[in-house]
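Reading through the structure tokens given below for one structure.
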Amino acid sequence: MTGVSRRPPPPYDADPRLGELVVSRPELEAKVAELGRRITADYAERPPLLVGVLKGAFVFMSDLSRAIDLPVEFDFMAVASYGSTTRTSGVVRIVKDLELDLSGRHVLLVEDIVDSGLTLSYLRRNLLARQPASLAVCSLLVRDHYEDDDLGVAYVGFRIPADFVVGYGLDAAERYRNLPFVCRLRTEAPLAPAG
Ligand code: IMP
Ligand code: MG
């Protein structure tokens with residue numbers, strides 16, 4: 001991506017809370033198609049069980065799954081941070097657990113963003129304890145301060161800076177998940193009234 005600042009397209013540019021465009025709709029579409037092709041090739045002999053982390057991953061997972069030309073299956077889980085000590089204590093809580101048994105399955109965990117990495121490290125431990133045949137991770141976004149191999153995320157969409165972003169599943173207080181692009185949130189601007 002260039003150093004030139006880009007704005008969200010109309011009509012979204014009228015919302016003062018939406019900042020610089022980080023990933024455009026065409027960039028998302030091209031990346032989802034590319035990841036789908038890679039996953040289709042890598043999992044040809046062992047169709048994956050896609051495990052989505054709610055809520056953030058649902059938009060990405062929906063598009064990604066349709067870019068995978070294999071008989072995939074789906075399951076979802078929801079996690080929450082435990083109070084304000086989460087970042088230091090590393091405690092993540094399961095709010096909604098999976099419905100399927102992972103034993104012997106080729107699990108592909110689908111995430112919206114790896115930020116601190118806390119959720120991912122918790123989920124990896126939790127899912128591995130259920131004895132899948134394999135476990136790999138696909139994240140739409142990964143913070144760019146991580147070294148490439150630090151996290152063991154096999155499929156990375158985009159590496160982005162530390163700024164808080166919304167859109168394509170990612171929210172700010174439940175808003176903006178349905179934006180068809182990813183952009184920065186201007187936290188200093190007031191939240192536009194809903195409806
Ligand atoms: P973690 O810090 O890697 O555990 O990320 C936890 C969760 O925080 C992610 O799955 C997102 O739901 C949320 N999150 C982190 N950064 C952002 C952001 O920039 N925008 C919206 N949600 C975020
Ligand atoms: Mg999330």
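Order of appearance sets the numbers: ligands from 1, and atoms from 1 within every ligand.
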Show the atoms of ligand 1 that are less than 4.0 angstrom away from any heavy atom in Leu118.
3 (O), 4 (O)

Arg25 atom CZ, over 12 foreign heavy atoms within 6.0 Å:
no

Can you give me the closest heavy-atom contact between Ala80 and Val95, atom names plus distance?
CB-CG2, 3.6 Å

Would a 4.5 Å heavy-atom cut-off, applied to side chains only, mark Asp171 and Arg175 as touching?
no

CG (Asp69) with more than 12 external heavy atoms under 6.0 Å:
no

Below 4.0 Å from any atom of ligand 1, is there a heavy atom belonging to Val53?
no

Gly117 near ligand 1 by a heavy-atom separation under 4.0 Å:
yes

Closest to atom 11 (C) of ligand 1 by heavy-atom distance, out of Val92, Ile113, Asp163, is Ile113

From the candidates Leu170, Asp115, Leu151, the one that places a heavy atom nearest atom 15 (C) of ligand 1
Asp115

Interfacing atoms of ligand 1 (cut-off 4.0 Å, heavy-atom, Ser116)
1 (P), 2 (O), 3 (O), 4 (O)

Can you tell which part of Asp112 has a heavy atom less than 4.0 Å from ligand 1: side chain, backbone, both or neither?
side chain

Per-atom contacts of ligand 1 with Thr119, taking only distances under 4.0 Å to non-hydrogen atoms
1 (P), 4 (O), 5 (O), 6 (C)

For ligand 1, which atoms, with element, lie under 4.0 Å from some heavy atom of Asp171?
21 (C)

Looking at ligand 1, would Lys55 count as a contact under a 4.0 Å heavy-atom criterion?
no

Lys/Arg-Asp/Glu bridge criterion (N-O < 4.0 Å) met for Arg130, Asp97:
yes

Looking at Pro132, is its backbone amide N or carbonyl O close enough to the side chain of Arg105 to form a donor-acceptor pair, meaning the two atoms are under 3.5 Å apart?
no

Can you list the residues that meet the side chain to side chain contact (heavy atoms under 4.5 Å, CB included) rule with Leu100, with sequence neighbours excluded?
Leu49, Glu73, Asp75

Say whether Asn178 and Tyr168, considering side chains only, have a donor N or O and an acceptor N or O under 3.5 Å apart.
no

Partner set under side chain to side chain contact (heavy atoms under 4.5 Å, CB included) for Ser134, not counting sequence neighbours
Arg46, His106

Side chain, backbone, both or neither: which part of Arg143 has a heavy atom under 4.0 Å from ligand 1?
side chain

For Val166, is the nearest heavy atom under 4.0 Å from an atom of ligand 1?
no

With a cut-off of 4.0 Å, which atoms of ligand 1 are near a heavy atom of Glu111?
10 (O)

Mode of Val165 contact toward ligand 1 - side chain, backbone, both, neither (heavy atoms, under 4.0 Å):
both

